[in-house]
Amino acid sequence: MRTSIFLGLALALGAGSAAVPLDASAQSARAARAQAEGSMVLSGSIDIAPDGSVEGFTLKDEHKIEPYIQDFLKQNVARWRFEPVLRDGKAVAAKTPVNLRLVARQVEGGGMDVVLSSASFRNYDPKATDGVASDNMRPPSFPRELLDMRGAGEVLLLVRVARDGTVDDVIAEQVNGYVAGSPRAMQRMRDVMARAAVGAARKWTFVAPTTGARVDDPFWTVRVPVRYFYGGNGDRYGKWQAYIPGPKQRATWDVGHGDTDAAPDLLPDGGVYMVGIDNGPKLLTPLQG
């Protein structure tokens, strides 16, 4: 979907001086904002027919979502087809939760190109025993250095959990910035956020799975999002979050599959998301037709 009417996002991407680190020139800040994207994450539920087609789709808090976004999503979701859900060997009707991520990128001429970039049908249950759960996860403090440079952003941590629940290893898989600056200032901001998040994560402990197919694995990998922001998170639902994406890093250990959830804002705050656990239905068709 291409449109030029995303005023809220355009203003967020074009806003500048109050959110620019001190060592950023106007030219470098403009160059950074030219790389900026916007993200919106919405949730809802889908009714799946026995043959895998979509019988119904409901968005949470529709009144907070612009009508053209609703129409865009409903047109695409209606074309989806899932692998039939089986119960006792028989295809049955089913209902699944869904988290949807929209990404907007600037295009020549001043418009925005909007795509449905990812969807998760995972039914997250923090009390489930077939996956890694949180035990002691004290969040990182807001770094003074980040405050001094007026930085903000989000870190997606990839954590290797040992069988005793301690952290074997951890990396910042991706660090996205909410503010613009020179390349050097942006890298410094990402480094500060990553260092604080990784340092806190090394002290975390988890509860190992006691049931399920992964119970005997030598280790487990989880994703945990960490966000640094000012003045409270507020109600972001139905609103665009402008950000400047950072490079993705690869783990030194075998992570396996699970990249469908590898977006910080697609993972709700406060959760521990085990890589390779997918208890939702399998989508057979492309996200966007």
Side-chain angles (χ1 to χ4, degrees), residues 39 41 43 97 99 101 117-143 146 151-178 189-210 212 214 217-229 232-233 236 241 243 245-280:
S39 178
V41 175
S43 58
N99 284 333
R101 184 175 190 251
S117 69
S118 51
S120 173
F121 311 103
R122 176 181 296 191
N123 186 14
Y124 177 68
D125 180 2
K127 297 180 180 180
T129 59
D130 61 347
V132 174
S134 64
D135 178 33
N136 185 357
M137 296 177 63
R138 183 177 180 179
S141 301
F142 200 102
L146 187 64
E154 59 193 14
V155 181
L156 183 61
L157 293 175
L158 202 58
V159 184
R160 174 171 158 150
V161 180
R163 290 193 57 80
D164 64 357
T166 58
V167 173
D168 259 353
D169 203 352
V170 56
I171 66 163
E173 187 177 23
Q174 187 171 22
V175 185
N176 297 331
Y178 291 165
M189 180 178 66
R190 287 194 293 265
D191 289 344
V192 169
M193 291 190 291
R195 188 165 57 247
V198 167
R202 291 193 184 280
K203 303 174 185 177
W204 290 347
T205 56
F206 298 85
V207 178
T210 56
R214 305 285 301 280
D217 286 3
F219 64 88
W220 304 276
T221 301
V222 299
R223 283 190 170 96
V224 181
V226 175
R227 296 183 175 90
Y228 300 92
F229 50 84
N233 206 16
R236 301 191 305 167
Q241 172 65 62
Y243 66 96
K248 284 191 174 184
Q249 308 297 325
R250 295 181 64 89
T252 57
W253 66 94
D254 182 14
V255 174
H257 301 290
D259 287 339
T260 54
D261 286 348
D265 50 0
L266 189 59
L267 303 178
D269 291 338
V272 174
Y273 303 93
M274 184 168 157
V275 175
I277 289 287
D278 187 3
N279 57 9

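The shown structure was predicted, so the numbers you read here are calculated from the model rather than taken from an experiment.
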Neighbour count above 12 (heavy atom, 6.0 Å) for D254 CG: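 No, CG of D254 has 12 or fewer neighbouring heavy atoms, counting only those of other groups under 6.0 Å.
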If you define the side chain from C-beta out and look only at heavy atoms, does anything of V175 sit under 4.5 Å from Y228?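 Answer no - side chains too far apart.
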Are the side chains of Y273 and L156 in contact, using a 4.5 Å heavy-atom criterion?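 No; the side chains remain at least 4.5 Å from each other.
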Partner set under side chain to side chain contact (heavy atoms under 4.5 Å, CB included) for R214, not counting sequence neighbours: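 R214: side chain to side chain contact (heavy atoms under 4.5 Å, CB included) contacts with D217, W220, M274, I277.
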Ignoring hydrogens, what is the shortest heavy-atom contact between [X] and [Y]? Give both atom names and the distance.
{"X": "F142", "Y": "G151", "value": "CZ-O, 3.8 Å"}
{"X": "L158", "Y": "A251", "value": "CD2-CB, 3.8 Å"}
{"X": "G246", "Y": "N176", "value": "N-OD1, 3.0 Å"}
{"X": "P143", "Y": "A196", "value": "CG-CB, 3.6 Å"}
{"X": "R163", "Y": "A208", "value": "O-CB, 3.9 Å"}
{"X": "V155", "Y": "A194", "value": "CG2-N, 4.2 Å"}

Quick one: CD on E173 to CG on L157, what's the gap to the nearest 0.5 Å?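 Reported to 0.5 Å precision, the distance equals 9.5 Å.
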How long is the straight-line distance from CD of E154 back to CE of M193, given to the nearest 0.5 Å?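 M193 CE to E154 CD: 8.5 Å, rounded to 0.5 Å.
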Does D168 pair with R160 as a salt bridge, N-O distance under 4.0 Å?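 Between R160 and D168 there is a salt bridge, with a charged N closer than 4.0 Å to a carboxylate O.
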Member of T221, V159, V207, V222 meeting the side chain to side chain contact (heavy atoms under 4.5 Å, CB included) criterion with V132: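 The passing option is V222.
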Has S117 got a side-chain atom pairing as donor or acceptor with R101's backbone, closer than 3.5 angstrom?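 Pair found, side chain donor or acceptor close to backbone of R101.
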Would you tabulate the side-chain donor-acceptor contacts of residues 197-205 under 3.5 Å, counting partners in other chains and residues two or more places apart, or write 'none'?
{"from": "W204", "atom 1": "NE1", "to": "R138", "atom 2": "O", "distance (Å)": "2.8"}
{"from": "W204", "atom 1": "NE1", "to": "A200", "atom 2": "O", "distance (Å)": "3.4"}
{"from": "T205", "atom 1": "OG1", "to": "D135", "atom 2": "OD2", "distance (Å)": "2.9"}
{"from": "T205", "atom 1": "OG1", "to": "N136", "atom 2": "N", "distance (Å)": "3.3"}

